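All remarks here apply to the structure that follows.
Owing to the predicted nature of the structure, the values given are computational and were not obtained by experimental measurement. Convention: sequence-line order gives letters A, B, ...; per-chain numbering from 1.
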Number of protein chains: 2
Amino acid sequence: MNDMLEHEQPLFDEKVVETAIEQEDISTFRQEFLSFLPYDRMQFFAKQPKEVRLEIYNYLSPQEMAEVFQHLEQEDIPMYVDEMSPFFVADMLADMYADDAVDILNQLRKEQVASLLTIMDVQAAREIKELLYYEEHTAGSLMTTEFIAINENQTVRSAMYILKKEAPEAETIYYIYVTNRYKQLVGVVSLRDLIVSDDDTMISEIVNDRIVTVSVEEDQEDVARKMRHYDFLALPVVDYQHHLLGIITVDDVMDVMEEEASEDYSKLAAVSETERTDDNPFVAARKRLPWLIILLFLGMCSATLIGKFEATLEQVAILAVFIPLIAGMAGNTGTQALAVVVRSIATGEMDTEQKRKLVFREAGTGLITGAVCGVLVTGIVFVWHGHLFLGILVGISILTTLAIATLAGAVVPLLMHRFNIDPAVASGPFITTINDMISILVYFGLATAFMSYLI
Amino acid sequence: MNDMLEHEQPLFDEKVVETAIEQEDISTFRQEFLSFLPYDRMQFFAKQPKEVRLEIYNYLSPQEMAEVFQHLEQEDIPMYVDEMSPFFVADMLADMYADDAVDILNQLRKEQVASLLTIMDVQAAREIKELLYYEEHTAGSLMTTEFIAINENQTVRSAMYILKKEAPEAETIYYIYVTNRYKQLVGVVSLRDLIVSDDDTMISEIVNDRIVTVSVEEDQEDVARKMRHYDFLALPVVDYQHHLLGIITVDDVMDVMEEEASEDYSKLAAVSETERTDDNPFVAARKRLPWLIILLFLGMCSATLIGKFEATLEQVAILAVFIPLIAGMAGNTGTQALAVVVRSIATGEMDTEQKRKLVFREAGTGLITGAVCGVLVTGIVFVWHGHLFLGILVGISILTTLAIATLAGAVVPLLMHRFNIDPAVASGPFITTINDMISILVYFGLATAFMSYLI
């Protein structure tokens, strides 16, 4: 579908650009390359071998290179920066929106950042330094200071005039923020409002003072949620005295949403979200092994646990047959409960009361699913082994473990959230391994207790 | 953080509204309630008991109710609609942007939709019917027909005039699309371009003809990806002859991103994404049981598999001790590989060559992680059981199963994607259970083969 579309009306012709580079035909290169959309320029640039990239740096101005850089994969930034002259980089960063420049600098070494800021245009460097203070994943780290602010005592005409003047600098011109003389945010006017009202209207007449703001320290996930709920194209960022510090635009929020989603997803599967498909096997293995080794030791614990019941096993070997079934089911229900809870924490619908409710809900759900699966298993085992008591034993074990496992899957992430640990860390495999042990304890505990009926 | 902020500068006072309703003081209710932002109106509305909701329907106009409805949880829509008079609903839908009206209608029964469309304003009904044709999850189902289109043979001044006139109707006024006399899309002008260029400029001079479009049948995930990459606030939707059919705005795309993310996440954990935290235990259980029962039967298969090795088990009961460890590790690596592949399919970075590479990569990763964990386990078992051969046996089993499981975790979703099955369906638990069986086969196969060394 997608490709076909591209094929129908090609947005650009890479061949032409490549040959232009080979023939060092700068003018053709610039004409063609600059006609690409910024994202496509990045795509082309990222595909090139180092020697070609080095040429491209010479063919483009820092301003032009800035547009390419804004779309590059974060992880690749340091490599590219090291290929370029510091002065070129400094000019490039100075020309970016402050928030994008900060994203780039966050990928570089401390001393590199320091030296870049010293050789950079003073005004730009000041703006960037302000933003560098803010912790990553906070509203402050997402915001840009290139916004348009006016005061309310003027007409639509004069506002439009300011707009025209500041448009080239501002990251968005679709919201104009109204501040008082203390630079505190008092309202917002959308460009839409300006367009539809006639030139002599006073801003104070059309200003909207029901403003949704985000605090500079607010978590980026909360920022994304607000943006999604209220359908704004930008949100103003304020401090505790309600001074307007900057704005966060919707394009940055979309990147945050993507980032947070892969993060939760990766953690549920116990993979590092830094892993990339083009990592080589050794890099990938190095990123996965820490998780696997922890899980390995947890697994040894459940092995030790079973070891304690070796005597039981020697008498009734058939018990072993159902270990993976029971452990597996415990793991599955646990993961289900975990996912539901983590997801609802992430989408932020929970107060304490709701959490309490949810825990009881999961307890109930566990009992119900446990009962159904328990009865089912008892039946199957009876029919298939003709051994009723074994069936009942496995059935009861399933009932009990499912009930406990489901509860555990819900409670663990909630507790972690309570203690400000990212609940997504309680990834599927962890819950699974913990529930393995619970299930083994229950299963063999029951088996040992009622041994006499089994032999 | 968030709450504190709300507390600092409350956007509205729910108490006032509630008392106004109790005292049937309509004017106060309207004044206060309508001063909320639409999303907050929805929040308030959704919290109310039925009798209060029934009053609210009487206090608000269909137009005002429309704003509330646009933000409601999809699943609740039918309940609310049944509480309202069909004529009220029809007026309300007619007043919404066509795409939002379609989202609502998609939640209702066929006959309900039909009757609503017949009593609805004809013009609105026509627009809605057009959109109803498109399959869910396609660009067509996301788009709205309320866009602004002009032709290039006019000045900025006249364009601004059209803009002012159509602004109240259009869903976005920040992009103006340029079409030829066949209604084919030839370019786009952003309001930003209009603002900064002077009134007598011809549109043809400032029009941008490098347009990123989406095809009307394109999957919503691809639409979201394009929007995120190119940082547009809206994307034009075209048919194969490149006629402009509608536009998709960024706010709808953010909802799509959220929806797709929870969907992948839920599937990885084998929960239905329709499950909600406020479902009661029975509803939740009903939604989870289908998955669990399938997994139960898969589990019985692995049980049967072990059953085949009962003889081996009776001779060497201790073998059972390591079943959960080996099965667990196989499940974990499988899930890791699965997550990496599904994620990279979702973010759409893969051509056939890259897929081939990825499979080899995973094979390599599996061998490396397998080797490391294998050696580790051999050591632990030897130290802890003093039984070297048992250690080697478990170690080799881990090596083999991790290698196979990792590969399986990567290949399965790729194959599903190849055959146009959503790879996310190959959820963690499935891969886990499949890998359980593989691991059991390997482990007991080896054990039986080298039995003599074990006793």
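- The part of A:T172 that comes within reach of chain B is its backbone (N, CA, C, O), which places non-hydrogen atoms under 4.5 angstrom from that chain.
- Within the 4.5 angstrom heavy-atom criterion, atoms from both the backbone and the side chain of A:A337 approach chain B.
- Of the two parts of A:K357, neither the backbone nor the side chain holds a non-hydrogen atom closer than 4.5 Å to a non-hydrogen atom of chain B.
- For the set B:A284, B:S302, B:G334, B:G364, the count of heavy-atom pairs under 4.5 angstrom toward chain A peaks at B:A284.
- Looking at A:V341, there are no atoms closer than 4.5 Å to chain B (heavy atoms on both sides), in backbone or side chain.
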Subject >> Verdict with supporting geometry, B:R228 and A:M257, side chain to side chain contact (heavy atoms under 4.5 Å, CB included) >> reply: CA-CA 10 Å; B:R228 216 178 72 245; A:M257 288 175 68; over 6 Å; no
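- In terms of heavy-atom pairs under 4.5 angstrom with chain A, the leader among B:T365, B:D252, B:V283, B:D251 is B:T365.
- When each of A:D436, A:L358, A:V196, A:V340 is checked for heavy-atom pairs under 4.5 Å with chain B, A:V340 comes out on top.
- Counting heavy-atom pairs closer than 4.5 Å to chain B, the top residue among A:A170, A:A363, A:G328, A:S439 is A:A170.
- Proximity to chain B involves both the backbone and the side chain of A:T304, based on heavy atoms less than 4.5 angstrom apart.
- At a 4.5 Å heavy-atom cutoff, B:A327 makes no contact with chain A through either its backbone or its side chain.
- Looking at B:H71, only its side chain comes within 4.5 Å of chain A, counting heavy atoms on both sides.
- Proximity of B:L289 to A:C373: side-chain heavy atoms (C-beta onward) are separated by under 4.5 Å at one or more points.
- For A:D231 and B:Y39, the side-chain atoms include no donor-acceptor pair closer than 3.5 Å.
- With hydrogens and angles ignored, the 3.5 Å screen pairs no side-chain donor or acceptor of B:K226 with any backbone N or O of B:V214.
- Without hydrogens or angle criteria, B:H242 side chain to B:L185 main chain gives a donor-acceptor distance under 3.5 Å.
- Chain B forms more heavy-atom pairs under 4.5 Å with one residue of A:E314, A:M437, A:M329 than with any other, namely A:M329.
- Taking chain B as the reference chain and counting heavy-atom pairs below 4.5 Å, the highest number among A:P281, A:A339, A:A261 is found for A:P281.
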Original post:
Passes side chain to side chain contact (heavy atoms under 4.5 Å, CB included), A:V212 versus A:F232? Steps please.
Top reply: CA-CA 9 Å; A:V212 176; A:F232 290 129; 3.7 Å; yes
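- Proximity to chain B (any heavy atom under 4.5 Å) is restricted, for A:I323, to the side chain, taken from C-beta onward.
- In this structure A:F360 satisfies the side-chain contact (heavy atoms from CB on, under 4.5 Å) test together with A:R356, sequence neighbours excluded.
- The pair A:E362-B:R288 counts as a salt bridge, with a side-chain nitrogen and a carboxylate oxygen less than 4.0 angstrom apart.
- Interface check for chain A: of the options B:H229, B:K164, B:E310, B:M254, the most heavy-atom pairs under 4.5 Å are formed by B:H229.
- Interface check for chain A: of the options B:Q336, B:K165, B:K308, the most heavy-atom pairs under 4.5 Å are formed by B:Q336.
- Contact of A:L191 with chain B is made through backbone and side chain together, with heavy-atom distances under 4.5 Å.
- Remark: B:F297 engages A:L376, A:I380, B:I293 in a side-chain contact (heavy atoms from CB on, under 4.5 Å) (not counting sequence neighbours).
- For the residue pair B:N332 / B:T335, no side-chain donor-acceptor distance below 3.5 Å is found, with atom types taken as modelled.
- For the options B:L298, B:N208, B:I195, heavy-atom pairs under 4.5 Å to chain A are most numerous at B:I195.
- Using a 4.5 Å cut-off on side-chain heavy atoms (C-beta onward), B:L233 and B:M227 make no contact.
- The CZ atom of A:R192 sits 12.5 Å away from the OH atom of A:Y174 when rounded to the nearest 0.5 Å.
- Among the candidates B:T369, B:L292, B:V253, B:T249, the residue making the largest number of heavy-atom pairs closer than 4.5 Å to chain A is B:L292.
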